[in-house]
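What follows is a single structure, written as structure tokens, with notes after it.
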Amino acid sequence: MAPATLRERARARGPATACVGAATTRNQPLSRSSVLRMSTLFLRTLREDPSDAEVASHRLLVRGGYIRRAAPGGYTWLPLGWIVYRNVERIVREEMDRAGFQEVHFPALLPREPYEISGRWTDYGENVFRLKDRRGNDFLLAPTHEEMFTLLVKDLYSSYKDLPLHIYQIQTKYRDEARPRAGLLRTREFVMKDSYSFDIDDAGLETSYEQHRQAYISTFNRLKLPFVMVSAVSGAMGGSASEEFLAPIDVGEDTFVRCSNCDYAANTEAVQVRPPDTVAFDGLPAARTEATPDTPTIETLVDLVNSRADLRHPDRDWTAADTLKNLVVKLKHPDGTFSALAIGLPGDREVDLKRVEAQVGPAEVVAFEPVDFAQYPSLVKGYIGPGALGENNASGIRYLVDPRVVDGTAWITGADQTGRHVLHLTMGRDFTPDGVIEAAEIHGGDPCPKCGHALEIARGIEIGHIFQLGRRYAKALGLTVLDQNGKTQTVTMGSYGIGVSRAVAAIAETVVDDKGLCWPREISPADVHIVITGKPSEPTGPKAEELAAQLEAAGLRVLLDDRVGTSPGIKFNDAELLGVPTIVVVGKGLANGTIEVKDRKTGVRTDVAVDDIVAHLVDVCRA
RNA sequence: CGGGGUGUAGCGCAGCUUGGUAGCGCGCCACGUUCGGGACGUGGAGGCCCCGGGUUCGAAUCCCGGCACCCCGACCA
């Protein structure tokens, strides 16, 4: 006699493994099996996209019940998400350990002092979460741990014999981001694996850096995360050589260039424009100042000089690239003071503030206001020229120019008088700036600094960053060791980070399709997702239970959709949304002795004989 | 921190212009039917309409002030 209600039927079906204890209303809450059961999993998939999620990883991780937003810039990991997160973390840890790095673990809550000494209590600015203890002492939630690692090594080591040393941690970091966004891609609390290397000399640092580079390459390969290694600038961390690992994905926040011909790739902030050859001054026309009425823009200026016979270029038309645009910005320094900076660049280029800030950091670039002009009477708005700029000229404002401005290049530029411009103003002969700055926007098609072929521009998610920090922190915090000669040496350091929680989102980004996620096997919450279809009275349920137990015994991780009364369409769609790489359907085919195996990624379905199914799946999953 | 958008049931949304019983779809609960691609019927539960002031006999709706979220900039793993 068939059980009367759905619930009784569910109970009647039960798991193949022994049901422990008294009858319950759930299928198997007390079973020791590690099979994940959809009937009891703390999971709710969403039929529709959440309205606040824009990027694919955010949308699908929420829809698939992997994460829930808990706070501005903070997410809760649900059971499936936490499994995925831990898989990623485990891979990172295993790769670090394999490289011979040793894991330690610091507090995230730290006192002010170390950061005060390194200068970052102020340099890090608003991005640090600061708090006070009951006595009013300052603390912070660590945004990164250079200081603590440095102090720890100082605490324990004092000989060159102890070096090199590589230590790392996997830690929750806190940054008070002005704008968290895109789900896990930019949060205020996130997990980072940060490593530090300690060496006695520069050659050692080079070696340590290279070791980390290799460890990162194998880590990202194992995470199945496509990446591009780009030259970078080191920002607030300080230091010299630095490379970023970017997953080339359009929703990423980093813009980078890569050469269409050679292996050059760089963050746009780090691109160094190759200067043209200098030109001898002999025979170059003398500079001349001309009235140029009604030329408020570069465009109108170029039109005017091209249309006036007396100003025309002898061989060709003038273009915006012949003009030298000068603009003034203010630098806001971490201590709250301001200074002015003038930038000169070809008129066909806009200023890329990110590039500027990468070079003036930790100062921030802010707009030069009309009130600021009042302080510099020699600056004529709209007609600022090299004549007024520079530390030795009227304004005294530091003047840096684009690398394309080399000796012998001639420019049309402001004459520091309203309505007047200078033509043929020649660098090195008529003016001398205080230095060079990479401020100009990089355009697709610009020449590669290495080989001269065209650059292309792409976007990426920063998943890793490696730096040669040098001695900045060791010096500030007094980390020294004695060398072979008994002489005190300041240790040189490297710092290396992987965004672990961000990597989960980056991986998700790279594996989405129109149906949902599709995890790399090692990261997936399970190896196989078994879907049971058919009426509860059919043998598909018990057969699937048996299969799940066999697969588990064979070492596979199983997610079993044992929900009763859920229509097959929902189960199929959920399976595709969740993205376990192998989907197994125990259903119709069973009558003919087959079970269907579907590859999530390719969609290819194979009917496999019941007798062969376990061996087949073990093969598929071990492949 | 600038610009734009949105806050109404767990989720997705309508209602607001023109003030008067808070609605729809999905999900959830109960019973029955159904069982290979987001099934059906019947009956239910669930709301500080973001918060605080104001106008009004009466406010989800109008006014003022906040806050939150999302997107684009600015800033960063």
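A quick note: this is a predicted structure, and the numbers were derived from the prediction, not measured. Below, chain A is the first sequence line, B the second, and so on; all start at residue 1.
One can place CZ of Arg186(A) at 8 Å from C1' of rC75(B), the figure rounded to the nearest angstrom. When the C1' atom of rG38(B) is taken as reference, atom CG of Leu578(A) falls 14 Å away, rounded to whole Å. Computed from coordinates, the Leu46(A) CG to rG27(B) P distance equals 12 Å when rounded to whole Å. If you measure from atom CG of Asp254(A) to atom P of rG73(B), you get 13 Å, rounded to the nearest angstrom. Taking atom CD1 of Ile570(A) as the reference point, atom P of rC40(B) lies 10 Å away to the nearest angstrom. In this structure, Leu577(A) places its CG atom 17 Å from P of rC11(B), rounding to the nearest Å. Atom pair Phe467(A):CZ and rC76(B):P shows a separation of 11 Å (rounding to whole Å applied). Residue Arg563(A) contributes atom CZ, which lies 19 Å from atom P of rC35(B) at whole-angstrom precision.
Checked options Ile507(A), Ile463(A), Ile91(A), Val92(A); the residue passing with Phe220(A) is Ile463(A) (criterion: side-chain contact (heavy atoms from CB on, under 4.5 Å)).
Pairing for rG36(B) is absent, judged as Watson-Crick or G-U wobble with the two contacts each under 3.5 Å. Using Watson-Crick or G-U wobble geometry with both donor-acceptor distances under 3.5 Å, rU18(B) finds no partner in any strand shown. Across the strands present, rG2(B) finds its partner in rC72(B); the criterion is a Watson-Crick or G-U wobble pair with both atom distances under 3.5 angstrom. Under the Watson-Crick or G-U wobble criterion, with both distances below 3.5 Å, rG47(B) is left unpaired in every strand shown. Nucleotide rC62(B) forms a pair with rG54(B), judged by Watson-Crick or G-U wobble geometry with both contacts under 3.5 Å. Pairing for rG27(B) is absent, judged as Watson-Crick or G-U wobble with the two contacts each under 3.5 Å.
No engagement by Gln171(A) is indicated, since no non-hydrogen atom pair under 4.0 Å with the nucleic acid exists. Across all strands, Val585(A) comes closer than 4.0 Å to base atoms (heavy-atom distances). Within the nucleic acid shown, Gly252(A) has no heavy atom closer than 4.0 Å to any nucleic acid atom. Nucleic acid contact class of Lys598(A) (heavy atoms, under 4.0 Å, all strands): base. Within 4.0 Å of Ala505(A), counting heavy atoms only, lies no atom of the nucleic acid at all. Note on Thr172(A): nothing from the nucleic acid sits closer than 4.0 angstrom, heavy atoms only. Residue Gly587(A) is in base contact, counting any heavy-atom pair closer than 4.0 Å across all strands shown. Note on Arg188(A): nothing from the nucleic acid sits closer than 4.0 angstrom, heavy atoms only. Contact annotation for Glu596(A): base contact, defined as any heavy-atom pair under 4.0 Å involving a base atom.
Between Asp49(A) and Arg44(A), the residue anchored nearer the 5' end of RNA chain B, judged by the nucleotide with its closest heavy atom, is Asp49(A). The 5' end of RNA chain B is approached more closely, in terms of each residue's nearest nucleotide, by Lys588(A) than by the other of Lys588(A) and Ile463(A).
Salt bridge Arg37(A)/Asp562(A): present, at least one basic N to carboxylate O contact under 4.0 Å. Ion pairing between a basic and an acidic side chain is recognised when a charged N comes within 4.0 Å of a carboxylate O; Glu189(A) and Lys173(A) show no such pairing. Salt bridge Lys543(A)/Glu546(A): present, at least one basic N to carboxylate O contact under 4.0 Å.
Side chains of Arg68(A) and Thr76(A): a donor-acceptor N/O pair is absent below 3.5 angstrom, by distance only.
Ranking rG38(B), rG37(B), rC69(B) by closeness to the Arg605(A) side chain, first place goes to rG37(B).
Nucleotides rG65(B) and rG23(B) have their C1' atoms positioned 30 Å apart, rounded to a whole Å. Taking the P atoms as reference points, rC40(B) lies 12 Å from rG25(B), given to the whole Å. Rounded to a whole angstrom, the distance from the C1' atom of rG5(B) to that of rU42(B) is 42 Å. For rU18(B) and rC71(B), the P atoms lie 33 Å apart once the distance is rounded to whole Å. Straight-line distance between the C1' atoms of rA59(B) and rA45(B): roughly 28 Å, to the nearest whole Å. Distance noted for atom P between rU55(B) and rC64(B): 15 Å (whole Å). A gap of 27 Å separates the C1' atoms of rC67(B) and rG58(B), to the nearest Å. Comparing rG53(B) with rC1(B), their P atoms sit 25 Å apart, to the nearest whole Å.
If you check distances only, the side chain of Glu253(A) never reaches the base of rG73(B) with a donor-acceptor pair under 3.5 Å. Interface remark: the Arg59(A) side chain does not form any donor-acceptor pair with the rG12(B) base, using a distance-only criterion of under 3.5 Å.
Inter-residue side-chain proximity for Met38(A) and Leu559(A) is flagged as met; some heavy-atom pair is nearer than 4.5 Å.
A close approach under 4.0 Å does occur between a side-chain nitrogen or oxygen of Arg181(A) and OP1 or OP2 of rC72(B). When the side-chain nitrogen and oxygen atoms of Arg47(A) are compared with OP1 and OP2 of rG27(B), one or more of them lie within a distance under 4.0 Å.
Remark: the backbone N or O of Leu578(A) is paired with a side-chain donor or acceptor of Tyr66(A) at under 3.5 angstrom.
Residues Ser195(A) and Tyr216(A) share a closest heavy-atom pair of OG-OH, 4.4 Å.
The glycosidic torsion of rU17(B) lies more than 90° away from 0, which places this base in the anti conformation.
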